[in-house]
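What follows is a single structure, written as structure tokens, with notes after it.
From a predicted model like this one, the values you see are computed outputs, not experimental measurements. Note that these values count all heavy atoms, side chains included, but never hydrogens, waters or copies made by symmetry.
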Amino acid sequence: MREPILKAVCVPPRLFWAPAAVAGANLIVQFSLMLLWVGVTGRSIMPFVITIPIVHAIIVGWGSKEPHLSKMLVSWGRSGATSTKNVYKSRGTKFAP
């Protein structure tokens, strides 16, 4: 096998020690809320200066337990809830008639 493939599988992308997709989504949400907060209220951004590192530390801890967290969340989002319909009336949901 080639080394880049092994490296991509063994070492998923990170952003400041956290899974990249989750950390990026956190930063986008936090910065959007911060700009909205400043625009609407005109107050200080200090609550966000405090919460961004705290939430990022939580994501780092969560990502250390599950290093492939970004890929798990992406695949979970793509797999929508599938509903099955029974051909014959019976209790429960059957995947095959």
Worksheet entry | Side chain His56, main chain Asn26, donor-acceptor under 3.5 Å | no

Worksheet item: With hydrophobic residues grouped by side-chain heavy-atom distances under 4.5 Å, do Leu33 and Ile59 end up in a single group?
Response: no

Discussion item. Taking Ile54 as the starting point, is it possible to reach Val29 by hopping between hydrophobic residues whose side chains are less than 4.5 Å apart?
Written reply: yes

Practice prompt. For residues Gln30 and Val55, determine if any side-chain heavy atom of one lies less than 4.5 Å from a side-chain heavy atom of the other.
Written response: yes

Worksheet item: Between the side chain of Trp37 and the main-chain N/O of Ser44, is any donor-acceptor distance below 3.5 Å?
Response: yes

Worksheet entry | For the student: nearest non-hydrogen atoms of Phe31 and Ile52, plus distance | CE2-CD1, 3.9 Å

Worksheet item: Would Ile58 and Met34 show up in the same hydrophobic cluster when neighbours are defined by side-chain heavy atoms closer than 4.5 Å?
Response: yes

Fill in: Separation of Leu15 CG from Leu27 CG (nearest 0.5 Å)
6.0 Å

Practice prompt. Kindly indicate whether the side chain of Val38, heavy atoms from C-beta on, has any atom under 4.5 Å from the side chain of Phe48.
Written response: no

